[in-house]
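Notes for the one structure printed next.
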Amino acid sequence: MRLNQHLTRLARKAMQEAFGLESPEPDLRVATDPRFGDYQINGVLPLAKQLKGNPRQLAEKLVAALDFDGACLPPEIAGPGFINLRLDPAWVGQQVGRIAVDERLGVEEQNPTQSIVVDFSSPNVAKRMHVGHLRSTILGDSLVRTLRFLGHRVVGDNHVGDWGTQFGTLIWSFKQGHDAILLEQDPLGELERLYKHGSERARESAEVAEEARQELSRLQAGDPENKALWERFVGLSRRDAESLYDRLNVSFDSWKGESHYNQVLPALVERMVAQGLAREDQGAIAIFYGDHPELGDKPFLVRKKDGAFLYATTDLATLEERLEHYDPDRIIYVVDVRQSLHFVQLFEAARLLGMAQNGHPRLEHVGFGMMLGQDGRPFKTREGGTVTLAALLDEASERVYPKVAERYPEANHDELHRLAEQVGIGAVKYADLCQHRTTDYRFDWEKLLAFEGNTGPYLQYSLVRTRSLLREHLVRFGSEFEPVAGELKLEEPEEKALAVELLRLGDVLDRVAEHLTPHLLCEYLFGLGRCYNVFWDRCPILKVEIPDSVRRRRLTLSAGVARAFEIGLSLLNIPALERM
RNA sequence: GCGCCCAUAGCUCAGGGGAUAGAGCAUCUGCCUUCUAAGCAGGUGGUCGGAGGUUCGAAUCCUCCUGGGCGCGCCA
């Protein structure tokens, strides 16, 4: 079910008939005010000039041609030429009865399906994951899940930063002396310490800097000792990252780091030079964009004067391989918005190279803003250091523990610990996802861990309450409730309003997939929760005096709400709990 | 210097050229002998940074200004 899409199609047909237009835009959307009905058609107004008509008369003409096949009550014309649509409760009851207990809440897979690559998370080797990786990981994971739910063939690729000049420094430092025990106990801590030590020394001494460069060239030349060290660093880093991914319940279909593309880089650059696309300048090789309005003065460096390659080169090689392996319709890069320029350059280079022409595949940079502390400055520890992801999740869990302990006193310590972890991580994820991705977001423990308001815990609780209601039926009536199989005879306005909300999920997910903005799903789920609370307040369910048929209807609606939350939370990858 | 992004209620933020700009939090008033009050109903609170322009219609599009953030060839 795609309610908006369905109504739009019918409205467009009527516009074609009424106005003789080929492909008119009904601009049908959810009504701005409940007094205007459920949906409104705004598309008549812009046509007034084009058709040289009075918008209200045009609206009348359209209304005469509209046929929603029973979905809507007779449309009304309002204001300068809006057409207000009220869904027929009987039709809504029929539709919601069909989808309420459906596994997918009636959201069909897209047809045709697409092949999509999502490039996200991308931690660096020898560095602990920190809050800077959080948004890419959470956003990317949610996008993968949403696109996959819609039926697309999605490859989530972790493009790990496992190659680059820093390894010369790290190897040099390692050889100077390392703490074998620490490397065992806290590998990433020791690697970070070694790197820091090495880069400090290299800054002080040109000799050291030169030695580090030599270690790097030995690594690049395939020196067995350095290669073994590099592999060890990569392995340790991967294990560390995996433990965080386990905690976040995030996984990847592919895990190809930058090093994977090393071998093809020289030939790629040579080819670009031969094609006249790249040329030498001041010793380096760069792609120049001629008189491109935005990039004319911004060359894209693909080889340094010392012969080393850059991430521009790797990204082009990566793109080429993805085209070959996946024949993608979309490639989505979930990377900090500060790298916008890089992606404009990359996508333009891809176009010039013939890798992406006429917008196929769609190359999309899903940029996101920074995580700020309450003071509005970049999020740091009290001492001004980087906050590691592990520490952030630990703190979330610790802060939540007393809250769940207070609310769920029957649970033992282990259960509470598990719950605190799931609520804490869900809260951190939700805080990140519920805001438009391009805006910087202000991290505030009090706000994001609150059990009231637009938060993760609130949504988790909404599902818990719905599930507990369905369980409670068994306790009170001695049997599982039987969902209504066919049409629901919706009587109360709150029942209809809730049912209409349930029919909207498919439209919302389509928009999330189109714009790559999970906050729309968050907004929807929060709105559904509020809608359900109103329903809950006005429409008693388990009370003995409620007739059986009414109870079954309301429980069926509740089951639909539970399903919507289950689907929504799973797409946001926020734990769905049985009780809390 | 050039470029990109941002400025909406006390705070944090939504807002697809369309009707009287919304939500959460905060604050104030009602509502728990009734399925979990983690809630519901309502009130207070706005020159949508400023000035022009386009349009039947602008928070939204264009220009300029102010204030803030970020980026701009050998890191990623």
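Reckoned from all heavy atoms, side chains included, excluding hydrogens, waters and symmetry mates.
- A donor and an acceptor atom never sit less than 3.5 Å apart when one is taken from the side chain of A:Asp440 and the other from the base of B:G69.
- Nucleic acid contact for A:Lys543: base, since at least one base atom lies under 4.0 Å from a heavy atom of the residue.
- A donor-acceptor contact under 3.5 angstrom links the side-chain atoms of A:Asn84 to the base of B:A19.
- Checking B:C40, B:C74, B:U36 against every side-chain atom of A:Ser468, the shortest atom distance belongs to B:U36.
- For A:Ser462, there are no side chain to side chain donor-acceptor pair (under 3.5 Å) partners, not counting sequence neighbours.
- Both distances falling under 3.5 Å, in either a Watson-Crick or a G-U wobble arrangement, place B:C2 opposite B:G71.
- A:Glu446 comes within 4.0 angstrom of nothing in the nucleic acid, heavy atoms only.
- Using a 4.0 Å heavy-atom distance criterion, A:His473 is classed as making no nucleic acid contact.
- For B:C32, the base adopts the syn conformation, since its glycosidic angle falls within 90 degrees of zero.
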Between A:Tyr532 and A:Ser558, is the side chain to side chain donor-acceptor pair (under 3.5 Å) condition met? List the steps.
CA-CA 8 Å; A:Tyr532 187 63; A:Ser558 299; 2.9 Å; yes
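- For B:C40, the OP1/OP2 oxygens have a side-chain nitrogen or oxygen of A:Asn533 closer than 4.0 Å.
- With hydrogens and angles left out, the side chain of A:Glu452 and the base of B:G24 share no donor-acceptor pair within 3.5 Å.
- Residue contacts for A:Pro46: at a heavy-atom cut-off of 4.0 Å it reaches a base atom on one of the strands shown.
- Nucleic acid contact for A:Ala78: base, since at least one base atom lies under 4.0 Å from a heavy atom of the residue.
- Within the 6.0 Å centre-distance limit, the rings of A:His342 and A:Tyr311 are counted as a close aromatic pair.
- Using a 4.0 Å heavy-atom cutoff across all strands shown, A:Arg407 reaches at least one base atom of the nucleic acid.
- When both pairing distances are held under 3.5 Å, B:G39 makes a Watson-Crick or G-U pair with B:C31.
- For B:U36, neither phosphate oxygen OP1 nor OP2 lies less than 4.0 angstrom from any side-chain nitrogen or oxygen of A:Trp536.
- Here the two rings, on A:Phe379 and A:Tyr441, have centers that are 6.0 Å apart or farther.
- Distance from the side chain of A:Gln40 is smallest for B:A19 among the nucleotides B:A76, B:A19, B:G73.
- Checked by distance alone, A:Tyr461 brings a side-chain donor or acceptor within 3.5 Å of a matching partner on the base of B:U36.
- Within 4.0 Å (heavy atoms only), A:Thr439 reaches sugar-phosphate atoms of the nucleic acid but no base atom.
- Taking the centre and axis of the six-membered ring of A:Trp172, the NZ or CZ atom of A:Arg213 falls outside the cone set by 45° and 6.0 Å.
- Across every strand in view, B:U12 sits in a pair with B:A23 that passes the Watson-Crick or G-U test at under 3.5 angstrom.
- In this structure, of B:C40, B:C13, B:A76, it is B:A76 that holds the atom nearest to the side chain of A:Asn124.
- Rounded to the nearest Å, the gap between the C1' atom of B:C48 and that of B:G39 is 32 Å.
- The phosphate of B:G18 has OP1 or OP2 within less than 4.0 Å of a side-chain N or O from A:Arg29.
- Here the nucleotide nearest the side chain of A:Lys447, chosen from B:C40, B:U12, B:A76, is B:U12.
- Nucleic acid contact for A:Leu310: sugar-phosphate only, since backbone atoms but no base atoms lie under 4.0 Å from a heavy atom of the residue.
- Within the nucleic acid shown, A:Gln339 comes within 4.0 Å of at least one base atom, counting heavy atoms only.
- Around atom CD of A:Glu514, more than 12 heavy atoms belonging to other residues, nucleotides or ligands sit under 6.0 Å away.
- Shown here, B:U63 forms a base pair with B:A51; the pair counts as Watson-Crick or G-U wobble because both key distances fall under 3.5 Å.
- With hydrogens and angles ignored, a donor-acceptor pair under 3.5 angstrom links the side chain of A:Arg35 to the base of B:U20.
- Within the 4.0 Å cut-off from OP1 or OP2 of B:A76, not a single side-chain nitrogen or oxygen of A:Lys127 is found.
- In this structure, A:His519 reaches the B:G15 phosphate: one of its side-chain N or O atoms is under 4.0 Å from OP1 or OP2.
- Both distances falling under 3.5 Å, in either a Watson-Crick or a G-U wobble arrangement, occur for no nucleotide opposite B:G45.
- The base of B:G16 is paired with the side chain of A:Arg511 by a donor and an acceptor separated by under 3.5 Å.
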